[in-house]
Amino acid sequence: MAANNSMTTDQRNILKFDPQQHEIALATEDLHVYYGKSEAISEGDLQFERYKISALIGPSGSGKSTYLRSLNRMNDRIATVKGKIMYRGLDINSNDIDVYEMRRHIGMVFQRPNPFAKSIYENIAFALRQRGVNDKKELDEIVERSLRQAAMWDQVKDDLNKSALALSGGQQQRLCIARAIAIKPDILLLDEPASALDPISTSQIEDTLLELKQNYTIIIVTHNMQQAARISDYTAFFNLGKVLEYAETGDIFTNPQVDLTNDYISGNFG
Amino acid sequence: MKKSRVIQLLGLIVIGVLVGFGYTNREKTNAGQSITAVGSTALQPLVEAAGEQYSSNHAGVFINVQGGGSGTGLSQIQSGAVAIGNSDIFAEEQSGIQASKLKDHRVAVVGIAPIVNKQVGVSNLTQQQLIDIFTGKVKNWREVGGNNLPITLINRAQGSGTRKTFESYALKGHASADSQEQDSSGLARSIVASTPGAISYVAFSYLDQSVQAVRVDGVRPTETNVRQNRWYIWSYEHLYTGQRPNQLTKQFIDYVLSPAVQQKLVKQLGYISVHEMQVQRSAAGKVTAVK
Amino acid sequence: MNAKRTDKIATGILYGVAALVVIILLALLGFILIEGVPKISWHFLTAPALAFEAGGGIGIQLFNSFYLLFLALLISLPISLGAGIYLNEYAPQNTVTSLIRTTIEILSSLPSVVVGLFGYLFFVVQFKLGFSILSGAFALTVFNLPILTRSIEEALANISDSQREAGYALGLSRWETVTKIVVPAALPSIITGIVLSAGRIFGEAAALIYTAGQSAPALDFSDWNPFNISSPLSPLRPAETLAVHIWKINSEGIMPDAKAVSAGSSAVLIIAVLLFNFLARWLGKRLYKHLTAE
Amino acid sequence: MDKIRESLLKKSLASKIERRGKAVSLFCLALIVGVVFLIFYFVASRGLATFFQNHINLWQFLSGTEWNPGTTGANGQPDVGALPMIVGSFLITILSALIATPFAIGTAVFMTEISPRRGAKVLRPVTELLVGIPSVVYGFIGLQVVVPFVRHTFGGSGYGILSGTFVLFVMILPTVTSMSADALNAVPRYYREASLALGATRWQTIYKVVLRAAIPGMLTAIVFGMARAFGEALAVQMVIGNATLLPHNLVSPASTLTSILTMGIGNTVMGSLQNNALWSLAMILLLMSLVFNLAIRYIGRKGKLNNER
């Protein structure tokens with residue numbers, strides 16, 4: 001199906017939730033992101049349902065990562081973000097919001113595993129301690145629980161004092177997830193968390209995410225369409241800084257409404 | 001966080017207590033009992049040694065001696081920042097100093113002798129020859145009866161006491177020609193020792209086997225000759241104070257002038273005791289007999 | 001053919017030049033050590049200097065050098081750490097920042113005599129601290145600040161941004177992220193920088209002649225109360241350091257063994273600087289290992 | 001639920017820490033900048049007094065050859081001609097840089113291009129060690145070795161520009177070498193590979209490609225070495241002879257700004273003309289280090305532009 005540009009750019013199909021039936025955890029309204037003068041996100045309004053996994057897919061450079069990083073304002077220093085990001089009835093993209101507090105509720109895991117150059121235990125306990133959790137027992141408990149949730153407790157329980165940098169890539173990434181959930185965020189943003197990992201580690205991470213979904217709202221950027229199909233409930237397709245389609249994952253992969261989405265998931269471009 | 005806070009706090013308290021303990025237990029006796037002497041590096045060893053002896057005799061008194069040069073000593077005493085200003089020269093000779101506001105205590109005499117490299121082959125010069133050499137009129141040792149060697153002048157730094165004395169008394173006030181300068185006796189001596197044809201001048205205490213001391217008009221540079229002013233290239237070492245020095249300062253200067261220092265330390269350091277001088281000399285260079 | 005021959009000749013010349021430089025540098029080290037090491041003894045390292053007799057040591061000067069180094073680092077480290085953090089983490093990329101950077105570079109290339117004279121005018125005269133350890137420590141701080149700031153800034157810049165992002169994503173402030181994550185991760189190179197700058201401070205003389213003074217009064221090593229002026233810890237006593245001592249005995253020394261003392265002191269100074277260098281390497285490697293793997 | 005909402009609208013602990021931390025670090029930076037300005041202010045206030053209080057003509061100061069601030073010269077003004085020192089300082093700096101440059105670059109090329117392994121194992125550590133050797137020690141060696149050597153080989157007293165040059169040459173050699181090596185290492189590997197692949201010999205690659213690309217970095221290294229040489233005081237003072245004469249040959253005693261400065265400052269009285277004149281010398285030193293700095297910046301910027309093009 002030859003893409004007709006003037007046609008396809010007008011084609012959009014964005015899912016809107018009925019607030020009565022779906023609890024919305026996070027939503028963006030009229031969001032625009034600029035790097036200097038060039039606009040990186042021009043149309044990117046999505047709603048994310050609570051306790052679901054939403055996947056953002058699209059070709060590289062489509063703006064999906066930029067979008068994700070804007071959600072907890074990680075882009076503040078390098079980009080200008082305009083528009084509203086609604087969380088619990090508040091626009092968290094406003095100056096009244098305490099960014100640091102906000103990020104404790106909207107956590108993030110990055111593409112490359114980035115454990116601190118500290119012990120495994122400290123990687124998790126550190127941020128808690130900064131916020132006044134000092135009780136050794138409580139810390140032990142949280143560390144164990146987080147590592148269990150990230151499905152790595154059994155592998156590392158005897159090595160908690162070893163440097164995190166000695167772990168394998170997959171383990172490091174799961175440690176980063178454990179670290180992110182240790183502070184009990186509401187929402188977890190993941191930026192291609194498995195792209196640097198081997199298939200086995202990838203599937204372990206996917207299992208972990210499916211577990212976590214019971215307690216967390218998860219938004220994940222992935223370039224791996226099979227991954228999106230396997231784990232997500234909703235999928236958004238980004239292209240050239242715009243969301244073209246947002247729907248239930250099953251619908252998008254079986255019956256895309258927008259031609260470009262179809263092209264992309266059938267591997268015709270991207 | 002909390003635990004480390006507690007440890008930090010404890011550490012601070014311990015340090016605080018230690019400092020407080022130290023402060024209350026400091027030797028109170030010497031709290032107001034220290035004097036500072038600043039200035040001439042040539043005089044520094046003498047005052048330092050005297051100060052140490054004085055402190056060991058008078059428990060709780062501390063004499064703080066610092067170098068910096070005669071100019072520093074005089075300007076510091078003039079501004080009242082210190083108790084004693086050590087100087088190699090008369091305050092009157094130093095520009096920028098109002099000598100009338102200071103009180104002079106001459107504590108020692110230092111003789112200065114011309115020295116030449118051993119290959120020069122000269123051990124006696126007339127004063128006129130000396131002046132000719134230093135003003136650059138004579139350029140080869142042959143002209144004053146030595147070997148055929150070009151003359152290399154090694155002067156002391158401008159403003160240094162030794163140079164002022166030498167120019168005033170050995171050169172009769174003639175300024176010496178521009179030449180190498182060294183700001184220290186040790187360097188001047190070692191340069192003369194190692195440079196064929198070199199001539200310089202140092203205090204008697206620096207005379208040794210490595211260089212040839214020169215007689216002037218047949219007079220030997222000896223302490224006896226200085227005492228009688230037959231050797232006239234000498235100067236006083238001064239401790240300057242304000243017009244009204246405090247009690248401790250006065251006592252210390254008295255101590256420096258006492259036989260305990262004059263007979264021993266002054267000699268050990270190669271100075272000549274002021275008490276043994278048979279003449280005295282004013283800032284203007286006028287010599288009168290003592291007694 | 002021609003090109004090949006040129007290549008051979010050039011390579012030969014380069015070998016020669018490199019060998020010559022190595023020879024010069026090793027001869028330098030060798031000369032100092034051969035001249036000086038035989039003079040070093042326990043007595044020499046601990047005894048006080050004697051003004052006009054042979055057999056003096058460098059005990060007080062050595063102590064002064066270390067104490068001064070300690071104080072100077074104590075003052076300059078927090079300041080340069082703060083400045084390094086600001087420059088690397090906060091400073092926006094604009095003309096003001098680049099102007100500030102230039103200013104710091106100017107400070108780092110100031111002749112140490114000028115720093116010493118400034119110290120004399122400002123700390124000794126203006127603040128009436130006299131020729132004292134404190135004046136010397138401040139002068140050394142001025143001398144050390146730019147070097148240390150730059151090495152800390154570089155160390156911080158070498159830490160990947162992903163570490164910072166990890167901190168931000170946990171809701172930590174930038175300051176917390178920098179001080180608790182980035183600085184510890186950069187610690188190996190920061191320590192290396194500190195120890196190397198310590199070596200430079202240790203050997204500095206020109207900045208100290210008119211600040212810490214040229215005299216080393218006898219110290220009472222049984223009295224560790226910093227408020228007593230004869231105590232080794234007293235910050236207000238004049239303190240000639242080892243480097244100043246070498247300069248002074250070469251110029252003023254009337255002790256008969258001045259040459260020997262000077263050679264011995266030079267050797268001690270070189271050995272200390274060498275030790276600092278090895279320490280820096282060793283500590284840096286050690287810490288790095290400790291951080292990356294147990 | 002509401003708790004989270006509220007906490008989002010309040011200033012969190014992290015924000016407070018952040019604000020405090022930022023202020024503290026900014027203060028540290030301001031302190032350093034403040035020190036620089038203070039130094040400039042103090043040195044300038046003393047150094048300019050020579051011209052404004054003592055009414056010395058600036059041109060006379062820069063071009064006069066008689067330095068004797070205590071006495072009055074033929075023109076009725078004190079003799080404060082700084083030319084001999086200025087010439088001495090420049091001569092010694094340029095000469096030592098001239099000698100050091102080929103050695104430093106040769107060694108750096110050897111270290112990075114010819115024998116990187118030996119370079120990393122032996123040369124690098126040795127040069128870096130030598131960067132840390134205190135300047136008094138260089139002075140001491142100069143006195144013991146260089147001065148007698150110069151005297152025996154070139155005649156004269158041994159004290160003079162030549163001895164100073166040798167001492168400074170050895171002193172700045174490690175600095176210039178290790179900075180040049182850094183510059184060479186920064187040349188991308190594919191430059192060399194491309195050149196070698198085109199059939200160039202190693203020397204042609206080094207000479208035509210690597211050295212060309214590294215020129216700005218190496219110039220920076222040389223200027224940096226010159227700045228060090230220009231400001232060096234004690235080592236030079238010990239070997240140059242300290243005569244305030246225009247040097248008429250390389251083995252006659254001469255003086256530099258720094259040597260006259262360190263020698264004289266203790267012998268003069270604060271506020272007097274003699275003292276002010278010395279501060280004027282310090283001011284020249286300060287201005288020169290400014291010039292060297294600007295030169296380094298300029299070279300650096302130009303190098304960047306060239307590489308980008």
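Since the model is a prediction, treat every value here as computed from it, not as a measurement. By convention in this document, chain letters (A, B, ...) are assigned in the order of the sequence lines, proteins followed by strands, and residues within each chain are numbered from 1.
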Anything in residues 162-178 of chain C with a heavy-atom distance to chain A below 4.5 Å? Please list those residues in order.
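Expected list: S162(C), Q163(C), E165(C), A166(C), G167(C), Y168(C), A169(C), L170(C), G171(C), L172(C), S173(C), R174(C), E176(C).
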More than 12 non-hydrogen atoms from neighbouring residues, nucleotides or ligands closer than 6.0 Å to [atom1] on [X], yes or no?
{"X": "Y34(A)", "atom1": "OH", "result": "yes"}
{"X": "E211(A)", "atom1": "CD", "result": "no"}
{"X": "K184(A)", "atom1": "NZ", "result": "no"}
{"X": "R112(A)", "atom1": "CZ", "result": "no"}

Please look at [X] and chain C and tell me whether the side chain, the backbone, both or neither of the residue comes under 4.5 angstrom of a heavy atom of that chain.
{"X": "P115(A)", "answer": "backbone"}
{"X": "R179(A)", "answer": "both"}
{"X": "F110(A)", "answer": "side chain"}

In Å, rounded to the nearest 0.5 Å, how long is the span from CD of Q130(A) to CD1 of I181(C)?
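Taking CD in Q130(A) and CD1 in I181(C), the distance rounds to 8.0 Å.
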When heavy-atom pairs shorter than 4.5 Å are enumerated against chain C, which of R77(A), M74(A), R104(A) gives the highest number?
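Ranked by contacts with chain C, first place is R77(A).
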